[in-house]
Amino acid sequence: MKQKIIELIRKVVPKETVIEITVPENSKFGDYSTNVAFSLAKIKNKSPLVLAEEIRKKILSTKPAILKKIEVASPGFINFFLSDKAYETVLKEILKSQKNYGRGGKRKEKISLDYLDANPTGPVHLGHARGGLYGDVLSNVLEFAGYKVSREFYVNNAKSSGQIKSLGATALGKGKEYEHDQLLSLLKKPSVKSALKKIKLESEAGAYIAKLIQKENENFLEKKAKIHFNLFFSEESIYQKKLIEKLLTELHEKNLVYKKDGALWFIAKSYGDSEDRVFVRSDGTPTYVLPDLVYHLDRLRSRKYEKVIDIFGADHHGYGPRLKGALSALGVNRERVEVLIAQTVRLTKNGKEFKMSKREGVFVTLEELIKQVGLDVARFFFITVSLDTHFDFDFMLAKKHSLKNPVYYVQYAIVRAENILKKAKNNPAIAGPASDFKSLTTKEDKQLILELGRFPEVIEDTARDYRLHRLTKYAGELARAFHNFYQKERVIGEAKEKAAARLALVTATIIVLKNLFGVLGISTPKKM
RNA sequence: GCCCUCGUAGCUUAAUGGACAAAGCAGGACUCUUCUAAGGUCUUGAUGGGGGUUCGAUUCCCUCCGAGGGCACCA
């Protein structure tokens, strides 16, 4: 519906005008509203009120069927009120498109998303959960909007890295850094015990354990957290394929690096970073950036994704400019790389904060969280807040209020809707499909249809700005419209025509809710 | 010390230049002989302080205060 209104406006304003449409909070300002007269006022040096009136008249002269009226409100907003025809169009479209309602047409652009990236040195904990769930749902949205999406997990398993060596040392009893439950239970297995006996090198022991941990984590993510990936990119494989050397050659050829103090430095400062960065240490080993650059070039150059999105934790926020700088130095357009930073989740328990740190071994695992509050709640919870909010999460409170949770509110709507369908099925009084929707005239009918009609634009807007909390917010609004309808209106018991029309409306609600749940990755319970 | 992010109702969060700042939870008052009351209706209550830009600022700029994160030849 939004798109249709934008088209109406576009016909009567200069080509390059940016048209923004909002859904006003107060219904007296219409179903949709635009401030386009304000931006035009600056260019044309005319009063926004006068311009708004001009636009209103021009649109009206095209006799748009989807609009009942257009109002101009001081100081220059233009408010649109939908016609009955528009409501009917929405319902028909939903019933016709079914599973594909809201789905965007196939787009050429391919997007590669990288998220979660939990190190293979320990379990997936709450710190990973936010970015991980965000990445999973964002992938769903982008796919639903029509993009081809690759869901990727970069595995930090390089044998030469400090953390793998340290993991190996812990496994061999020569260190304590990674002495957590996951490792300890692995070490109890006879097969692991005997395998480790044959290994002397810490890096080899670390690589062996990392592989096992990674496998456990992958399994957990897929089966229990429903966070999906289609590619696990191994850092170690980059070393084995000698791709670092290849990249270094390119960096030298392009004069992007220099020697200082025995190390090799990248001229990061010339590419927007605050200072130059070491790429190869004085002992000859590469820093983390080099393999990561290889990985990004693999996505951007070899596999030719138009866009790559990385979701990093807050502790990596300084890393984005470095990565982008190096990539642009190598000739990649910065615009193709999007770095999203997931701010820290602070966990409070009984009003007291406790830190999640691998080093201290007192982290809360995602598995534990799911066990405590349920998968649907956990997923919904993290998606409800914007990524750049420092998020305080009271563990006890989440558990305590889980019955009053917004997730249940939304799921309850679909349970109620399904129940109506089930009862109607055995009721001969409302057999047959609706011939028209003229009988849907109450405020509740219309509000519900209006919300259903917003679904495609919610998907589209979210695929554009990646703000996933729009989805959960919309879910609440749609559910509210339905609960309201359910409370005040009847389906079974109404006259035949009306009952059929209402039944179609309920069916449409189920379709939209299911499509939305699919994107959010939450379940649709049969009863509650 | 420098850099990044954040500060909104009692609590957790929306609103990223637009209209009387929006929800949920918590608090108060109503509401089921009806397709599940895990529902509906009403209600109390907020932009950290101070400047500036703008027709219009939670949003942009400056400054102060507060919280978190980063400033490695860690990943």
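Within every chain, numbering begins at 1; the chains are lettered A, B, ... in the order of the sequence lines, protein sequences first and strands thereafter.
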In terms of side-chain heavy atoms, does [X] have a donor or acceptor partner in [Y] at a distance below 3.5 Å?
X: A/Glu152; Y: A/Tyr295; result: yes
X: A/Arg480; Y: A/His483; result: no
X: A/Asn156; Y: A/Gln163; result: no

Exercise. Inspect the contact between A/Lys269 and A/Asp276 and indicate whether a charged nitrogen and a carboxylate oxygen are less than 4.0 angstrom apart.
Key: no

For [N], does OP1 or OP2 lie under 4.0 Å from any side-chain N or O of [X]?
X: A/Arg281; N: B/A75; answer: yes
X: A/Tyr408; N: B/A37; answer: no
X: A/Asn484; N: B/U41; answer: yes
X: A/Asn419; N: B/U36; answer: yes
X: A/Arg277; N: B/A72; answer: no
X: A/Arg470; N: B/A22; answer: no
X: A/Lys423; N: B/U36; answer: yes
X: A/Arg502; N: B/C35; answer: no

Given atom [atom1] of [X] and atom [atom2] of [N], what is their separation to the nearest angstrom?
X: A/Glu20; N: B/G17; atom1: CD; atom2: P; result: 8 Å
X: A/Tyr409; N: B/A37; atom1: OH; atom2: C1'; result: 12 Å
X: A/Glu494; N: B/C35; atom1: CD; atom2: C1'; result: 12 Å
X: A/Glu177; N: B/A75; atom1: CD; atom2: C1'; result: 11 Å
X: A/Tyr32; N: B/G18; atom1: OH; atom2: P; result: 18 Å

Quiz item: Since syn is defined as within 90° of 0, does B/C32 count as syn or as anti?
Solution: syn

Quiz item: Taking N and O atoms by type only, does the side chain of A/His317 place a donor or acceptor under 3.5 Å from a partner on the base of B/G69?
Solution: yes

Quiz prompt | Donor-acceptor pair (no angle test) under 3.5 Å: A/Asn79 side chain, B/A19 base | solution = yes

Name the closest nucleotide to the [X] side chain, picking from [options].
X: A/Val491; options: B/U5, B/C35, B/G70; answer: B/C35
X: A/Glu25; options: B/G69, B/A22, B/C71; answer: B/A22
X: A/Phe77; options: B/G68, B/U41, B/A19; answer: B/A19
X: A/Lys28; options: B/A75, B/C20, B/G40; answer: B/C20
X: A/Thr287; options: B/C73, B/A67, B/G40; answer: B/C73
X: A/Arg480; options: B/G40, B/G39, B/A75; answer: B/G40

Using a 4.0 Å heavy-atom cut-off across all strands, classify [X] as base, sugar-phosphate, or nothing.
X: A/Asp283; answer: nothing
X: A/Lys42; answer: base
X: A/Ala263; answer: base
X: A/Val280; answer: nothing
X: A/Ser282; answer: base
X: A/Asp292; answer: nothing
X: A/Lys422; answer: nothing

Quiz item: How are the rings of A/Phe393 and A/Phe381 set to each other: parallel, tilted or perpendicular (split at 30° and 60°)?
Solution: parallel

Exercise. Could you walk me through whether A/Leu82 and A/Ile5 pass the side chain to side chain contact (heavy atoms under 4.5 Å, CB included) test, one step at a time?
Key: CA-CA 10 Å; A/Leu82 296 178; A/Ile5 292 170; 4.2 Å; yes

Quick one: look up who [N] pairs with, Watson-Crick or G-U, both distances under 3.5 Å, and put none if it's unpaired.
N: B/G24; answer: B/C11
N: B/C71; answer: B/G1
N: B/U59; answer: none
N: B/G39; answer: B/U31

Quiz item: Looking at the rings of A/Phe266 and A/Phe279, which for Trp means the six-membered one, are their centres under 6.0 Å apart?
Solution: yes

Quiz item: How does protein contact run along nucleotides 10-15 of chain B, one letter per nucleotide 5' to 3', with B for base contact, S for sugar-phosphate only, - for none, heavy atoms under 4.0 Å?
Solution: --SSSS

Exercise. Using a 4.5 Å cut-off on heavy atoms from C-beta on, say whether the side chain of A/Leu116 contacts that of A/Phe229.
Key: yes

Quiz prompt | Pairwise 5' ranking along RNA chain B for A/Tyr319 and A/Phe29, keeping only the more 5' one | solution = A/Phe29

Quiz item: A/Tyr486 on top of B/G39's base, within under 5.5 Å and under 30°?
Solution: no

Self-check item: Contacts of type side-chain hydrogen bond (donor to acceptor under 3.5 Å, both in side chains), residue A/Asp465, not counting sequence neighbours
Solution: A/Arg470

Self-check item: Selection residues 43-55 of chain A - residue pairs positive for side chain to side chain donor-acceptor pair (under 3.5 Å), sequence neighbours left out
Solution: A/Lys46-A/Glu54, A/Glu53-A/Arg56

